[in-house]
Amino acid sequence: MDKTAKVTPWEVSGNIDYEKLIKEFGTEPIDDKILARIKKHAGEIHPYLRRKIFFSHRDVNWLLNEYEKGNKFFLYTGRGPSGQVHLGHLTVWQFTKWLQDKFDVELLFQMTDDEKFLFKKGLTLEETNKLAYENALDVIAIGFKKGKTKIIVDTDYAGVMYKHAIKVADKINFSTVKAAFGLTDASSIGQIFYTAMQAVPAFLPSVEKGKNIPCLIPLAFDQDPHFRVARDVYPKLGYYKPAILHQKFLSALEGPGKMSASEGVAIYTTDTADEVAKKIRKYAFSGGQDTIEKHRKLGGNPDIDVSYQWLTFLEEDDKKLKKIYDDYKNGKLLTSELKEILIEKINKFLKEHQKNREKARKDIDKFILKS
Ligand code: TYM
């Protein structure tokens, strides 16, 4: 990993070495044995697992042991509503939907309007709260099951959350939070407390049902520190540690790091087809040669080409993807042509997503948990 690479819940930058992250964070790689166990129950393997986009985990073997004993898990994931949802967020949620469908389980989804108020300068609490409900439309548009999916908006569900969050907070020292999140003495006490709120949904169903229920959290790696800290606390409060599946980042269009509203150019779920095309044509980092003649002769490098890398998230068909890889590598496919393939793929997807997003407005009350 290059020395400047950083992975925290609030900053991801540089060239990320995922093997090294596994060692540094003390997680485990997803190996063929786990894939076979998932396949046994799901009947198939999602492309993100096959392609090692979900590449690491915590305690998934334990979770599957429990599942096989008839102890069903629930899913928990979330969103910090600091702006519009971008394609990177959607990748985690699409995989989460696949898990929900295949294992027929409930999902608890947390909208952390408190977090984004505390960490994102310039946003008021009213704004982050409004964004939570706007972002919830994107979550619902993914197609999660009605009745089996509940969305928590932190400040509106605080009456339920707070009494559990302080119990978590009681067991975490400032020094732990400093080390895990890079907070300093200048951090606000709201920032220091926040991680306790993100810990709660992993055991809320256990509280409500009066018995321990296993929890599985799909996320991209930047969110792991919250649970690395909280996993020491759960058993002290009498709950299971949640299992976690870690995803790699969809990069920013210009290159390494993660796609994010604050760093680099992102594609949002509300972008028009024209905006998508313009951004990709202008910004997507190319692994091609600088002239057509050279490209035809020497070929491109799909391993660093952002359009190709994005297609590994977006193109489900392995054969099509392989052909694009080969054609680009041997110079048959030009960067401009590769970009058009990506543009078409994204715009086709967004057309459908935007329709579902509008339809979600009438359904939102069925998903939001009220205290
Ligand atoms: P947030 O809003 O930063 O991100 C939402 C989810 O998207 C993942 N993510 C990405 N995945 C792939 N490529 C990217 N470029 C990319 N950028 C973000 C994040 O890892 C996350 O899974 N504090 C959280 C909200 C939250 C949460 C949770 C997330 C509350 N509870 C439990 C995961 C699990 C946040 O600000 O996420």
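Just so you know, ligand 1 is whichever comes first in the structure, and atom 1 is the first atom listed for that ligand.
In summary, E106 and K145 do not engage in a salt bridge, as defined by a charged side-chain N under 4.0 Å from a carboxylate O. A salt bridge links K279 with D271: at least one charged nitrogen is closer than 4.0 Å to a carboxylate oxygen. At a threshold of 4.0 Å, the pair E358-R361 counts as salt-bridged, since one of the basic side-chain nitrogens sits closer than that to a carboxylate oxygen.
Short contacts between ligand 1 and L250, defined as distances under 4.0 Å to a heavy atom of the residue, involve ligand atoms 12 (C), 13 (N), 14 (C), 15 (N). Atoms of ligand 1 lying under 4.0 Å from any heavy atom of Q247, numbered from 1 in the order shown and given with element: 12 (C). Annotation for ligand 1: atoms under 4.0 Å from non-hydrogen atoms of K116 are 36 (O). Close contacts between ligand 1 and D222 involve ligand atoms 19 (C), 20 (O) [criterion: under 4.0 Å to a heavy atom]. Residue contact check: V92 has heavy atoms under 4.0 Å from atoms 7 (O), 8 (C), 11 (N) of ligand 1. Each of the following atoms of ligand 1 lies closer than 4.0 Å to a heavy atom of L219: 22 (O), 33 (C). With ligand atoms numbered from 1 in the order given, ligand 1 contributes 34 (C) to contacts under 4.0 Å with heavy atoms of I217.
Nearest residue to atom 2 (O) of ligand 1 from G78, A202, G80 is G80 (criterion: closest heavy atom). Evaluated by nearest non-hydrogen atom to atom 33 (C) of ligand 1, the leading choice among L87, L75, T77 is T77. Of the candidates E115, Q110, M111, the one placing a heavy atom closest to atom 36 (O) of ligand 1 is E115.
Without hydrogens or angle criteria, Q100 side chain to F95 main chain gives no donor-acceptor distance under 3.5 Å.
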For a quick test of your reading: what N or O donor-acceptor pairs under 3.5 Å do the side chains of residues 49-59 make, sequence neighbours left out?
| unit_1 | atom_1 | unit_2 | atom_2 | d |
| --- | --- | --- | --- | --- |
| R50 | NE | D318 | OD2 | 3.0 |
| R50 | NH1 | I45 | O | 3.2 |
| R50 | NH2 | D318 | OD1 | 3.1 |
| R50 | NH2 | D318 | OD2 | 3.1 |
| R51 | NE | D318 | OD1 | 3.4 |
| R51 | NH1 | T312 | O | 2.8 |
| R51 | NH1 | E315 | O | 2.7 |
| R51 | NH2 | E315 | O | 3.0 |
| R51 | NH2 | E316 | O | 3.1 |
| R51 | NH2 | D318 | OD1 | 2.6 |
| K52 | NZ | I30 | O | 3.4 |
| S56 | OG | T27 | OG1 | 2.8 |
| S56 | OG | H246 | ND1 | 2.8 |
| H57 | ND1 | V60 | N | 3.2 |
| R58 | NE | D224 | OD1 | 3.0 |
| R58 | NH2 | F25 | O | 3.0 |
| R58 | NH2 | D224 | OD2 | 2.7 |
| D59 | OD2 | R231 | NH1 | 3.2 |
| D59 | OD2 | R231 | NH2 | 3.2 |

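The side chain of F227, and not its backbone, has at least one atom closer than 4.0 Å to an atom of ligand 1 (non-hydrogen atoms only; side chain from C-beta on). For R79, heavy-atom contacts with ligand 1 shorter than 4.0 Å involve the backbone as well as the side chain. Only the side chain of T112 comes within contact range of ligand 1, with a heavy atom under 4.0 Å; no backbone atom does.
At least one N or O atom of Q198 sits closer than 3.5 Å to an N or O atom of ligand 1. Taking distance alone, with nitrogen or oxygen atoms compared against 3.5 Å, F221 stays at or beyond that limit from ligand 1.
Checked options F367, W93, Y157; the residue passing with F109 is W93 (criterion: ring-ring contact (aromatic ring centres under 6.0 Å, His included)).
Side-chain contact between I217 and C215 is present, with at least one heavy-atom pair separated by less than 4.5 Å. At a threshold of 4.5 Å between non-hydrogen side-chain atoms, the residues T112 and P81 count as touching.
Figure legend: cation-pi geometry between K72 and Y67 absent, as NZ or CZ is not positioned both under 6.0 Å from the six-membered ring centre and within 45° of its axis.
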